Asks: 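Can you keep this structure in mind? I'll have questions shortly.
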Amino acid sequence: MVIIGNCDLLLEQIKPGHKLRRMVEVAQEAALRGADLNSRLLSFARRQPLHLQTSDINEVILGGKLLVRQAIPQRISIKHKLAADLWPCVMDRPGFETALLNVILNARDAMPDGGVITVETSNVQVDGGAMDHDEAVQAGPYVQVSIRDTGTGMSADVLARAFDPFFTTKAPGKGTGLGLSMIYGMLRQLRGHIRIESQPGKGTTIHMMFPKAV
């Protein structure tokens with residue numbers, strides 16, 4: 001914050017077109033990227049405080065449709081299957097909006113020749129015993145958001161490392177490898193869960209589960 005704040009002050013003093021201005025802008029951009037990276041790491045470590053509130057996930061998804069559509073090429077269609085009787089749930093709304101966009105962008109990258117992304121919501125009652133990544137899912141009611149694509153899918157080796165921080169199958173500069181790990185950390189703080197179903201050539205489905213609001 002000290003670096004970003006001082007960059008802001010310098011930019012107010014340096015006239016547009018001055019050779020030093022671009023240097024300050026580069027420093028500011030690097031500081032902002034560092035702040036974002038720090039936030040993602042804290043989220044993965046479950047130390048990033050969340051702003052919890054009771055929300056209607058359907059309303060949040062519909063509110064972000066325009067942004068999502070602008071980020072997805074026309075060769076990819078987006079379908080919504082939103083449960084009409086969806087329970088309210090506990091979530092960090094900005095965190096969920098970021099998570100949803102992140103998963104959809106991953107789906108986009110897995111379908112370079114086009115395909116279909118389906119966003120589905122449902123009420124789920126877990127009786128216990130199911131596994132989420134490497135931990136048992138606590139019994140209880142959840143609101144589930146499932147994002148399904150028709151892309152290339154993941155091999156078993158990639159699937160096993162999907163939540164590892166900095167792990168990515170994308171080319172250098174195309175991804176940080178922190179997207180899924182950030183979502184994992186956020187959901188753990190909420191006492192929610194995340195699960196991935198994927199096979200090579202058969203697409204990927206990511207299920208995010210949020211606790212039902214009392």
Side-chain angles (χ1 to χ4, degrees), residues 1-53 55 57 59-78 80 91-115 117 119 145 147 149 151-152 158 161-187 189 204 206 208:
M1 292 304 298
V2 172
I3 295 171
I4 294 170
N6 278 284
C7 286
D8 286 336
L9 292 174
L10 285 170
L11 289 174
E12 290 178 2
Q13 301 296 322
I14 301 173
K15 295 180 180 180
H18 194 286
K19 63 180 182 179
L20 292 178
R21 187 176 180 87
R22 182 53 190 159
M23 296 171 67
V24 176
E25 289 174 344
V26 170
Q28 185 183 54
E29 290 167 3
L32 289 169
R33 287 196 301 271
D36 179 64
L37 176 61
N38 186 57
S39 176
R40 289 168 181 257
L41 288 171
L42 287 172
S43 178
F44 178 76
R46 310 180 198 179
R47 294 183 180 179
Q48 179 75 10
L50 300 179
H51 304 287
L52 303 183
Q53 61 187 106
S55 300
I57 276 189
E59 184 268 327
V60 179
I61 291 172
L62 292 174
K65 281 180 66 176
L66 180 59
L67 175 62
V68 168
R69 185 65 268 179
Q70 290 175 336
I72 301 299
Q74 292 300 316
R75 64 179 179 273
I76 296 176
S77 61
I78 303 176
H80 292 85
M91 67 153 59
D92 176 285
R93 179 165 180 157
F96 171 68
E97 291 173 335
T98 300
L100 180 66
L101 182 59
N102 199 302
V103 172
I104 288 176
L105 291 179
N106 283 345
R108 175 201 65 187
D109 295 341
M111 299 185 293
D113 299 323
I117 297 173
V119 180
V145 181
I147 301 96
D149 67 55
T152 54
V158 170
R161 300 188 61 191
F163 297 114
D164 290 355
F166 302 112
F167 174 75
T168 179
T169 58
K170 297 179 182 179
K174 297 296 184 180
T176 63
L178 286 170
L180 288 176
S181 58
M182 177 193 70
I183 298 170
Y184 177 86
M186 176 191 70
L187 285 168
Q189 287 189 72
T204 298
I206 293 182
M208 294 185 283

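Predicted model, so just to flag it, every value in this text is computed and none were measured.
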Asks: Please enumerate all residues that pass side-chain hydrogen bond (donor to acceptor under 3.5 Å, both in side chains) together with S55, with sequence neighbours excluded.
Replies: none
Asks: Take I206 and L180, measure what side-chain contact (heavy atoms from CB on, under 4.5 Å) needs, and give me the verdict at the end.
Replies: CA-CA 10 Å; I206 293 182; L180 288 176; 3.8 Å; yes
Asks: Using modelled atom types only, decide if a donor and an acceptor are shared between the side chain of D149 and the backbone of T204 within a distance under 3.5 Å.
Replies: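 Pair found, side chain donor or acceptor close to backbone of T204.
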Asks: Quick one: list whatever passes salt bridge (charged side-chain N to carboxylate O under 4.0 Å, His left out) with R69, sequence neighbours left out.
Replies: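 Partners of R69 by the salt bridge (charged side-chain N to carboxylate O under 4.0 Å, His left out) criterion come out as none, since no residue qualifies.
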Asks: Is any side-chain heavy atom of Q189 closer than 4.5 Å to a side-chain heavy atom of D92?
Replies: no
Asks: Can you tell me how far apart CZ (F96) and CG (N102) are? Round to the nearest 0.5 Å.
Replies: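 Taking CZ in F96 and CG in N102, the distance rounds to 12.0 Å.
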Asks: List the steps, then state whether side-chain contact (heavy atoms from CB on, under 4.5 Å) holds for K65 with H80.
Replies: CA-CA 10 Å; K65 281 180 66 176; H80 292 85; 4.0 Å; yes
Asks: With rounding to the nearest 0.5 Å, note down the distance linking CG in N106 to CD1 in I147.
Replies: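 With rounding to 0.5 Å, CG (N106) is 10.5 Å from CD1 (I147).
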Asks: Say you draw a straight line from CD1 of I72 to CD1 of I117; how long is it, rounded to the nearest 0.5 Å?
Replies: 4.5 Å
Asks: Considering all heavy atoms of both residues, which atom of A99 and which atom of M208 are nearest to each other, and what is their separation?
Replies: CB-SD, 4.2 Å
Asks: Suppose the criterion is salt bridge (Lys or Arg N to Asp or Glu O under 4.0 Å): which pairs have a residue in residues 13-28, not counting sequence neighbours?
Replies: R21-E25, R22-E25, R22-E29
Asks: Kindly write out the residues that satisfy side-chain hydrogen bond (donor to acceptor under 3.5 Å, both in side chains) with D8, not counting sequence neighbours, or none if the list is empty.
Replies: Q28
Asks: Report yes if some heavy atom in the side chain of N6 is under 4.5 Å from a heavy atom in the side chain of V24; otherwise report no.
Replies: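 The answer is no, as the side chains (C-beta and beyond) never meet within the 4.5 Å cut-off.
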Asks: Indicate yes or no: at least one non-hydrogen side-chain atom of I61 is less than 4.5 angstrom from one of V145.
Replies: yes
Asks: Of all residues at least two apart in sequence or in a different chain, which pass the side chain to side chain contact (heavy atoms under 4.5 Å, CB included) check with P73?
Replies: R75, I76, R108
Asks: Which residues pass the side-chain hydrogen bond (donor to acceptor under 3.5 Å, both in side chains) test with R93, sequence neighbours left out?
Replies: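 Here the qualifying residues are E59, E97.
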Asks: For L52, I'd like to know if atom CG has over 12 heavy atoms of other residues, nucleotides or ligands within 6.0 Å.
Replies: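 Yes.
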